[in-house]
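This chain uses plain numbering: 1 for the first residue, then up along the sequence. Values below: all heavy atoms of this structure, side chains included; hydrogens, waters and symmetry mates excluded.
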Amino acid sequence: MFNIIFIEIKEGSRTCYKAFYRSSNVVGLILAGSVYFKTEPSQSDLFDLRLQAKVIKAIDVSCGGENGFNQAIEFSLEILSDVKSVQEKYLIGKFLEEASQDNGKLVYGLDDTMKVLEMGAIQTLIIWEDLDINRYVLKNIKTDEIIIKHLNKEQQGDQSNLPNSTASSDLEVEDEKSLLEWFADEYQQFGCLLEIFTDNSEEGSDSCRGFGGIGGIVRYQVDTRSLDEPEIYEDSE
C-alpha cells in the first residue's frame with residue numbers, strides 16, 4: 001500500500017518539477033501531511049531531488065483531501081505573506097531601477113500609463129491595491145458616442161464630470177467600475193502582466209506617493225513626451 005502511494009508521490013514530484021520551471025510565478029514548495037508522509041518521501045529518492053532545494057516549509061495536517069489542503073493553507077499564511085512581501089520588494093525594486101536609469105522603459109501616472117497601455121507596449125502593469133479611481137463609460141444619447149472617463153474620488157464629486165439628475169445632459173452613465181477591477185478583468189487583452197502591490201513596505205509606500213499608484217515596465221523605449229494624441233478616456237469635443 002505504502003509503495004503504491006510513494007510511486008504516486010514520485011510521479012507527482014516529476015510533474016511538479018515541470019510545472020515549477022515553466023512558471024516564473026512559483027517561488028517555492030510547501031509540503032503538508034502526517035509526520036511520516038510529510039518527511040519520508042521528500043527525503044528519499046522517490047522525491048525529485050531538483051525540488052528539495054525549493055521546499056520552503058513542511059507542516060503537519062490532521063486530515064487529508066480538501067480539508068487537509070485548506071488546513072495546510074491556514075498553517076502557511078505567515079510564510080506565504082513573507083513570500084508575497086519578498087516578491088513585492090523585488091517588483092518595486094525593478095520598477096525603481098528602471099526609473100533611475102531614465103531609459104524610456106518605464107511609465108507612470110494615469111495619463112501616460114493608459115496611453116502606453118493602448119499601444120501594447122507595457123510588459124508589466126503595476127497598480128496599487130487601493131487605487132481610488134473609477135472607470136466610467138458614458139454614452140451620448142443623441143450621437144451614440146462612447147466616452148471613457150477615469151475619475152478619482154474628488155473628481156467624482158465634481159458635478160461637471162458626470163451627468164446628474166439636476167442638470168440637463170445628453171450623456172448617460174452606461175457602466176461604472178473600479179479601475180483596478182477593470183484592469184483585473186481586461187489586462188490580458190493588452191498583452192501584459194498585472195502586478196498589484198501594497199503600501200505595507202517602504203518601497204510600496206514610496207511608489208504610491210511618487211508614481212501615483214499606477215505605472216508599467218515597458219517592452220521597448222517609449223518617449224511619453226511624444227504621445228500628444230487626444231487622451232482616449234477624456235471627454236473631447
Determine, stepwise, if the pair Val222 / Lys115 fulfils side-chain contact (heavy atoms from CB on, under 4.5 Å). CA-CA 11 Å; Val222 175; Lys115 290 175 183 177; over 6 Å; no
Of all residues at least two apart in sequence or in a different chain, which pass the side-chain hydrogen bond (donor to acceptor under 3.5 Å, both in side chains) check with Tyr136? Gln156, Glu176
More than 12 heavy atoms of other residues, nucleotides or ligands under 6.0 Å from CD of Glu154: is that the case? no
Residues Thr113, Val107; criterion side-chain contact (heavy atoms from CB on, under 4.5 Å); working and verdict: CA-CA 6 Å; Thr113 300; Val107 62; 4.1 Å; yes
Check: Asn161 main-chain N/O paired with Lys149 side-chain donor or acceptor under 3.5 Å: yes
Partner residues of Phe183 under the ring-ring contact (aromatic ring centres under 6.0 Å, His included) criterion, sequence neighbours left out: none
Quick one: side-chain hydrogen bond (donor to acceptor under 3.5 Å, both in side chains) partners of Glu66, sequence neighbours excluded? none
Between Pro163 and Leu171, the two heavy atoms sitting closest are CB-O, 3.3 Å
Return the CG to CD1 distance between Leu106 and Ile217, rounded to the nearest 0.5 Å. 7.0 Å
Point-to-point distance, once rounded to the nearest 0.5 Å, from CG of Leu194 to OG1 of Thr124: 9.5 Å
For Thr143, give me all partners under side-chain contact (heavy atoms from CB on, under 4.5 Å), at least two apart in sequence or on another chain. Asn140, Glu145
Minimum heavy-atom separation for Tyr220 and Ala121, please, with both atom names. OH-CB, 3.3 Å
Can you get from Leu151 to Val173 by hopping between Ile, Leu, Val, Met, Phe, Trp and Tyr side chains that sit under 4.5 Å apart? yes
Can you measure from CD1 (Ile214) to CD1 (Ile127) and round to the nearest 0.5 angstrom? 4.5 Å
Pairing residues for Glu181 by the side-chain contact (heavy atoms from CB on, under 4.5 Å) criterion, not counting sequence neighbours: Lys177, Ser178, Asp185
How close do Leu131 and Gly212 get, counting heavy atoms only, and between which atoms? CD1-O, 3.8 Å
Are any non-hydrogen side-chain atoms of Asp130 and Leu180 less than 4.5 angstrom apart? no
Can you name the side-chain contact (heavy atoms from CB on, under 4.5 Å) partners of Asp144, sequence neighbours left out? Lys139
In this structure, CG of Asp60 is separated from CD of Gln71 (nearest 0.5 Å) by 9.5 Å
Pairwise side-chain contact, Asn152 with Leu110, heavy-atom cut-off 4.5 Å (strictly under): no
Stepwise side-chain contact (heavy atoms from CB on, under 4.5 Å) check, Phe190 with Ile122: CA-CA 8 Å; Phe190 298 103; Ile122 289 184; over 6 Å; no
Glu74 meets the side-chain contact (heavy atoms from CB on, under 4.5 Å) criterion, sequence neighbours left out, with none
At what distance, to the nearest 0.5 angstrom, does SG of Cys192 lie from CD of Glu186? 11.0 Å
Any idea which heavy atoms bring Arg219 and Gln123 closest together, and the distance? CG-CB, 3.7 Å
As an exercise, state the distance from CZ of Phe75 to CD1 of Ile59, rounded to the nearest 0.5 Å. 7.0 Å
